[in-house]
Amino acid sequence: MRATLIILTMAYVLSQFYRAFLAVLAAPLQADLGATAAQLSAASGYWFLAFALMQIPVGWALDTLGPKRTNAAILALGAGGGAMVFAAATAPWHISLAMTLIGIGCSPVLMASYYVVARSFSAAAFATMAAFILGIGSLGNIGAAFPLTLLVELFGWRLSIMMIGVITVAVAGLCYLIVKDPPKVIATQKGSVLDLLRMRAMWFILPMVLVNYTPAAGLRGLWIGPYFTDLFGSTIAQVGTVTTVMALAMIAGNFFYGPLDRLFHTRKWVIFAGNSICAALCMALYNFGQNSFWVAAGIMAGIGFFGASFPILVAHGRSFFPEHLMGRGVTLINLFAIGGVGVMQNLSARIYDAKIMDGAAAIVSYNAVILLFCVTMLLGLAIYLFSEDRTD
């Protein structure tokens, strides 16, 4: 089982890379393809939407085919093939197509890991192990920051992405060769995602899941690059530095949240407190981000750190799922988390474009995006207040 989790975590490193690398490539893609910040935000949103829409079939596949075949096939064809389309792009819509394919390819990766953990370890250990996988996998977030800028400067963005596509196919091959499926659950009960959605407990958790990841993923996945370029005249190396700082903060946040439910004997209030701080930091970015390069970088790092509560949110939802619907359950939560980012990235692109077309200054346009993240987070927190706390 150790080798299985190592390979699945390697695959998740790639998933984290692909969801964040556009922030660093924004400037060369704008120069070479004429892509605008709004077009790249929409392309990033397509990654998340495609990823989210795949969660229902992925959940079925995990419960019926197992993580081995599900992960290997989808990762190779979707992410590997999408990377090649990206490397060959000659127009902005090619980037959107490539990001859609890559989103499909990355869709089973984390949930395959969580499925194995949920089926192989105790429920009490789930949040800690899930956070550990997410934290290690988030090294891909680091790879999509300063290391990617060096790679692009050495080989250009096309060859760099092509090489990463080859690595993706190789990791998919290792998934097929090494990953072991846990024993199937023999259940007399039937069930579907609809059964999970009928659970009253989920009505108050899923809205929080929907908005929890949007500020950190939206900023780190794209907006951080154009924000620093337009407001502070940052170079690609400086953008690489701030994206690395935020990525490190997100990794630290994953490890920070992991054991807190067992330490404080509550999941609900750990999640509520952390995301309240994240919302407050969004408001701080709105009010003070333009003051200086490092003020903005520090606030964004804080958003990345306190916005990393996804593993403990999965643990909160998982505590209500029956064993025979575990695959569908964890993928349902992932659908809401990633789908929320996809919707917000597309909505934020439209808001940003509308402000720019009205002649607004850059800071006004970016602040409109940041305010969107803040308001939706506060709405999610208001609903989450009524959720049922449960620890194992």
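For clarity, every value in this text was computed on a predicted model and none was experimentally measured.
- Looking at heavy atoms from C-beta onward, Cys282 lies out of side-chain contact with Met377 at the 4.5 angstrom threshold.
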Working note: Phe132 + Phe255, criterion side chain to side chain contact (heavy atoms under 4.5 Å, CB included); need CA distance, chi angles, decisive distance, verdict. CA-CA 6 Å; Phe132 182 80; Phe255 289 111; 3.5 Å; yes
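- Aromatic pair Phe204/His316: centroids not less than 6.0 angstrom apart.
- Atom CG of Leu174 is separated from atom CE of Met10 by 5.5 Å, given to the nearest 0.5 angstrom.
- In this structure, Phe256 and Phe305 have tilted ring planes: the angle between them lies in the 30° to 60° band.
- A salt bridge links Asp195 to Arg198: at least one charged side-chain nitrogen sits closer than 4.0 Å to a carboxylate oxygen.
- The two atoms that bring Ala98 and Gly82 nearest to each other are CB-O, 3.4 Å, heavy atoms only.
- Stacking of Arg19 on the aromatic ring of Phe51 is recorded, both the 6.0 Å distance cut-off and the 45° axial limit being met.
- The minimum heavy-atom distance linking Asn346 with Gly342 is given by the pair ND2-O, 2.9 Å.
- Between Phe386 and Trp203, a ring centre-to-centre spacing not shorter than 6.0 Å is recorded.
- Aromatic ring centres of Phe86 and Phe21 lie closer together than 6.0 Å.
- Residues Thr331 and Tyr115 bring no donor and acceptor atom of their side chains to less than 3.5 Å of each other.
- Trp47 and Thr100 are not linked by any side-chain donor-acceptor pair at a separation below 3.5 angstrom, with hydrogens and angles left out of the test.
- We find that Arg267 and Asp261 are joined by a salt bridge, their nearest charged nitrogen and carboxylate oxygen being less than 4.0 Å apart.
- Taking CG of Leu101 as the start and CG of Leu97 as the end, the distance is 5.0 Å to the nearest 0.5 Å.
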For Ile251 and Ile142, run side chain to side chain contact (heavy atoms under 4.5 Å, CB included): C-alpha distance rounded to whole Å, both residues' side-chain angles, the deciding distance at 0.1 Å, then the answer. CA-CA 9 Å; Ile251 292 173; Ile142 299 292; 3.6 Å; yes
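- Considering CG of Leu347 and OG1 of Thr214, their distance stands at 10.5 Å, rounded to 0.5 Å.
- Ring planes of Tyr366 and Trp223: perpendicular class, angle over 60° (limits at 30 and 60°).
- Considering only heavy atoms from C-beta on, Ile338 stays 4.5 Å or farther from Gln55 through its side chain.
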With side chain to side chain contact (heavy atoms under 4.5 Å, CB included) as the test, would you mind laying out the steps for Leu260 and Leu263 before giving the verdict? CA-CA 5 Å; Leu260 291 186; Leu263 183 63; 4.1 Å; yes
Start with the C-alpha gap between Met300 and Leu281, add the side-chain angles, then the distance that decides, and say whether side chain to side chain contact (heavy atoms under 4.5 Å, CB included) holds. CA-CA 8 Å; Met300 287 193 189; Leu281 287 168; over 6 Å; no
